[in-house]
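Everything numeric here is computed off the predicted structure, so don't read it as measured data.
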Amino acid sequence: MKSYDIAIVGAGLVGQAIAAALVGGKTSLPSMKVALIDPAEVVAPAMPEMVDEYDLRVSALTAKTQAFLSRLGAWQQLPEAVRKGYTSMHVWDAEGTGSVTFNATDLHVPALGHIVENNQTLWALQQVTAQADNIDMVRAAVQSFDNPDEQGYVPVTLSTGEQLQTRLLVGADGALSNVRQMSGITTREWDYEHRAIVATVRTEHSVADTAWQRFRPEGPLAFLPVHSDDHLASIVWSTVPEEADALLAMDDEAFKQALTSAFEGRLGQVTEVSSRQHFPLRQRHAKRYYEAGVVVAGDAAHTIHPLAGQGVNLGFKDAEVLAEEILRGVSKGLSPGSDAVLGRYQRRRQADNLATMAAMEAFKRLFAADQPLIRLLRNEGMRLFDKALPVKQHVVMQAMGLN
């Protein structure tokens, strides 16, 4: 039976980042043995040329996330053409005249963030972990695991029938995490009663290095710049199930017209559209982030509405803090799965995640409200906020993770 210090279930963005931070970064421990467990292969992304060739899942990576990925050596692996920096963000209310514009120049920074396809970021992280001699890639799923034994090892049985043991089992296996469910970690969750439709589109007018978002009563619609083509955008259209069904049933021409209309033609006509995908939106948060010898991170610990693009950034924060606490504990002679180590991780991340989730829920409810008085106050508040430069600077710095 192979023994590991850490076994990470899920080799997605968060799982790869945890592994890279533990053994691939400058402050890592080369002696630590790590297993990355995932049945799926990481496929090298090609440089896309047509709208259907782009990854439909993109992330707005903050400055804090960029700094973390740079320390791991992953950011440097991303071709410059796929790291699309945006220098402004324009948000407006569909039910009024209120709007807010954020600019990088107001903060004296080169960009507010970067829009990167998820498969590109995953490939960059995989290049880091693949170079580490003490990371084993295990192509299997976890079938079961038991409580830690007398030596503090968690016995793990894989779908191949093989077994391994680890001092800490990390669940980074997504929103429907098997690790979380098998460990008995419970969640608080509710359905947003929204679906998110994602696609890559080409627009008549330039996206102009700007992240655009229109808040409709049915849900927000975002156009995010991708790659070096100024007329390409990744859309995230959050809406109620009835409208989502109607949009998904449309042919491409009808969908392009509906999308142009829903976005008020701000970027002219939508001239091309890729295939569309959709997924339900549900908020969930683990009541605890760990049990004996087991811990969860990223979407396995929390999921959030995508209206502000914070989900993956929260996951990377989890990865960074979990790795820090494991390395701190091991340097003091503690087991990676000890309560002292995992308790510190939970204290550092749970409050931040909850605060962000509460803020996103408040935004969603605020812009979904259609009472005349609330619409009036909402629009007037946006106008006042747009003029309050110090307040805007503080909010953006918080969102970028720079405070």
Side-chain angles (χ1 to χ4, degrees), residues 8-10 12-15 17-18 38 56-57 59-60 118 141-142 144-145 169-198 215-220 222 236-245 248 277-319 321-322 342-343 345-369 399:
I8 302 167
V9 182
L13 294 174
V14 173
I18 295 169
D38 199 313
L56 298 185
R57 302 297 295 268
S59 297
N118 285 7
V142 170
S144 64
F145 56 86
L169 185 67
V170 180
D173 49 342
L176 302 178
S177 169
N178 284 327
V179 171
R180 184 188 68 229
Q181 295 177 43
M182 288 190 287
S183 69
I185 294 174
T186 57
T187 61
R188 293 185 180 93
E189 54 185 90
W190 62 88
D191 200 318
Y192 283 117
E193 298 181 351
H194 268 191
R195 293 190 206 164
I197 298 173
V198 293
F215 279 94
R216 308 162 64 240
E218 300 84 1
V236 183
W237 192 344
S238 302
T239 187
V240 294
E242 297 79 15
E243 185 177 41
D245 287 339
L248 292 166
Q277 291 183 2
H278 68 102
F279 49 92
L281 299 179
R282 189 172 183 84
Q283 178 162 299
R284 58 173 58 83
H285 189 257
K287 295 179 182 178
R288 287 175 53 86
Y289 285 7
Y290 71 96
E291 291 293 345
V294 182
V295 68
V296 291
D299 283 356
H302 45 78
T303 58
I304 190 172
H305 199 288
L307 65 88
Q310 288 299 308
V312 72
N313 294 295
L314 292 179
F316 280 130
K317 285 183 181 180
D318 290 353
V321 170
L322 179 58
L342 302 182
Y345 159 69
Q346 178 173 276
R347 287 192 296 275
R348 290 180 63 186
R349 291 302 310 136
Q350 196 171 50
D352 180 47
N353 288 330
L354 280 169
T356 304
M357 294 170 79
M360 295 308 100
E361 178 67 15
F363 272 117
K364 175 187 173 295
R365 290 176 182 269
L366 176 64
F367 283 95

> Is it true that the side chains of Thr303 and Asp299 contain a donor and an acceptor less than 3.5 Å apart?
Replying inline: no

>> Does Thr239 form a side-chain contact (heavy atoms from CB on, under 4.5 Å) with Arg216? I'd like the steps, not just the answer.
In response: CA-CA 9 Å; Thr239 187; Arg216 308 162 64 240; 4.1 Å; yes

> For Val294, which of Leu342, Val179, Val9, Val170 qualifies under side-chain contact (heavy atoms from CB on, under 4.5 Å)?
Replying inline: Val179

> Do you know which two heavy atoms are closest between Gly298 and Asp318, and how far apart they sit?
Replying inline: N-OD2, 3.0 Å

> To the nearest 0.5 Å, how far apart are CZ in Arg288 and CD1 in Ile185?
Replying inline: 7.5 Å

>> If you compare all heavy atoms of Ala172 against all heavy atoms of Ile8, which two are closest, and at what distance to 0.1 Å?
In response: CB-CG2, 4.3 Å

>> If you define the side chain from C-beta out and look only at heavy atoms, does anything of Arg349 sit under 4.5 Å from Leu322?
In response: no

> Which heavy atom in His194 sits nearest to a heavy atom in Ser238, and how many Å separate them?
Replying inline: ND1-CB, 4.1 Å

> Within a strict 4.5 Å, meaning less than it, do heavy atoms of the Pro280 and Asp191 side chains meet?
Replying inline: no

>> Nearest 0.5 angstrom please: Thr187 OG1 to Arg284 CZ, how far?
In response: 6.5 Å

>> Distance check, rounded to the nearest 0.5 Å: Ile197 atom CD1 versus Leu248 atom CG?
In response: 4.0 Å

>> For the CD1 atom of Ile304 and the CG atom of Leu314, what is their distance to the nearest 0.5 Å?
In response: 5.5 Å

> Is atom CZ of Arg57 surrounded by more than 12 heavy atoms (other residues, nucleotides or ligands) closer than 6.0 Å?
Replying inline: no

>> Could you walk me through whether Tyr290 and Ser183 satisfy the side-chain contact (heavy atoms from CB on, under 4.5 Å) test, starting with their C-alpha distance in whole Å, then the side-chain angles of each, then the deciding distance to 0.1 Å, before giving a yes or no?
In response: CA-CA 9 Å; Tyr290 71 96; Ser183 69; over 6 Å; no

>> Using side-chain heavy atoms (C-beta onward) and a distance below 4.5 Å, is Met182 in contact with Val142?
In response: yes

>> Any heavy-atom pair between the side chains of Asn353 and Lys317 that's under 4.5 Å?
In response: no

> Knowing that exactly one of Glu291, Lys287, His285 qualifies, which makes a side-chain hydrogen bond (donor to acceptor under 3.5 Å, both in side chains) with Tyr289?
Replying inline: His285

> Do you know which two heavy atoms are closest between Leu176 and Gln181, and how far apart they sit?
Replying inline: O-NE2, 3.2 Å

> Considering all heavy atoms of both residues, which atom of Asp173 and which atom of Asn178 are nearest to each other, and what is their separation?
Replying inline: OD2-N, 3.0 Å

> Taking all non-hydrogen atoms of both residues, which atom of Ala60 and which atom of Asn313 are closest, and how far apart?
Replying inline: O-ND2, 2.9 Å

>> If I take atom CD from residue Glu193 and atom CZ from residue Arg282, how far apart are they, to the nearest 0.5 angstrom?
In response: 10.0 Å

